[in-house]
Amino acid sequence: MIQDPKLLAETLNAEFHDLTPLERLLQLREKVKGRIVFTTSLGIEDQMLTHLIFANAIKIEVVTLDTGRLFPETYDVWRKTEEKYGKRIHAKYPRAEALETLIEEQGIDGFYYAKEFRLACCGVRKVEPLKRALDGASAWVTGLRADQSANRHDMDFVGYDSVRKLVKTNPIFDWSRPRVADYVERHGVPINALHAKGFPSIGCAPCTRAVQPGEPERAGRWWWEDDTKRECGLHVPDPDPAAVSEGAGI
Ligand code: SF4
């Protein structure tokens, strides 16, 4: 077993190119010692990975970040997934005190008023809980695809996250959206009802809206901000939301 995580990431990245997503997950489990955490937004890509993990009983923890501002449809798919597979999707929540301070300082929907408020909200509701979810993990699995947004072209199947000090893997990085949709339909995987209503990317309810045909997948996220790379700080090297203007996320 390779001990150096950087070397392990390089090796896995080379091997992943010719494998299926299931083979990638199995390879990851075989090669990585210690905890592997998959963070799911309960979106369609992540539901495919949850299906692969649960249906094949792969020892990878499935964790979601409940920001407290999710759509009712997201809770529906969360419950349906647990019912279908008989497994728990673990949840991380914002720290109560930090949340109370945030609301005191910027109001209930402060993110609409200033980008720094939005980053602070994502910091309390997503980035800090993510840090706890990944604490002590050796590897992190995500459902990122290469063509989802501008900065994701810089990523790969597997890399070493030097800030979080773990191996970060994207097992469906080379899959297209239609291919994922076809897979989940053929395998009866529960998906969020909002996908059929023009929501390709689903995050917090007040920060996500439907997109028009032909618009980029993430155009409905933080739409009031004039950015080409609207992200929340989860998939960027620096996890400090105050220091990042780009990232990606749940
Ligand atoms: Fe807050 Fe919106 Fe970020 Fe959710 S997406 S954590 S509501 S700013």
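Remember, it's 1-based here, ligands and their atoms both numbered in the order they're listed. What's counted below: heavy atoms across the whole structure, side chains too, no hydrogens, waters or symmetry copies.
- Looking at R118 against ligand 1, both its backbone and its side chain come within 4.0 Å, counting heavy atoms.
- For atom 5 (S) of ligand 1, the choice among F117, W222, F111 with the nearest heavy atom turns out to be W222.
- Of the residues listed (N192, I202, D76, I89), the one engaging L42 in a side-chain contact (heavy atoms from CB on, under 4.5 Å) is I89, and it is the only one.
- Only the side chain of C207 comes within contact range of ligand 1, with a heavy atom under 4.0 Å; no backbone atom does.
- Atom 4 (Fe) of ligand 1 has C204 among its coordinating residues (N/O/S atom, backbone or side chain, under 2.8 Å).
- For D174 and R24, the salt-bridge test passes: some basic side-chain N is under 4.0 Å from an acidic carboxylate O.
- The distance from ligand 1 to the heavy atoms of R125 drops below 4.0 Å at these ligand atoms: 1 (Fe), 6 (S).
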Review item, side-chain donor-acceptor pairs of residues 14-22, under 3.5 Å, at least two apart:
{"residue": "E15", "atom": "OE1", "partner": "Q27", "partner atom": "NE2", "Å": "2.7"}
{"residue": "E15", "atom": "OE1", "partner": "K31", "partner atom": "NZ", "Å": "3.1"}
{"residue": "E15", "atom": "OE2", "partner": "K31", "partner atom": "NZ", "Å": "3.1"}
{"residue": "H17", "atom": "ND1", "partner": "N13", "partner atom": "O", "Å": "2.8"}
{"residue": "T20", "atom": "OG1", "partner": "E23", "partner atom": "N", "Å": "3.1"}
{"residue": "T20", "atom": "OG1", "partner": "E23", "partner atom": "OE1", "Å": "3.4"}

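- Salt bridge annotation for R132-E128: present, with a cationic side-chain nitrogen under 4.0 angstrom from a carboxylate oxygen.
- Checking side-chain atoms of T67 against main-chain N and O of R69 turns up a donor-acceptor pair under 3.5 Å.
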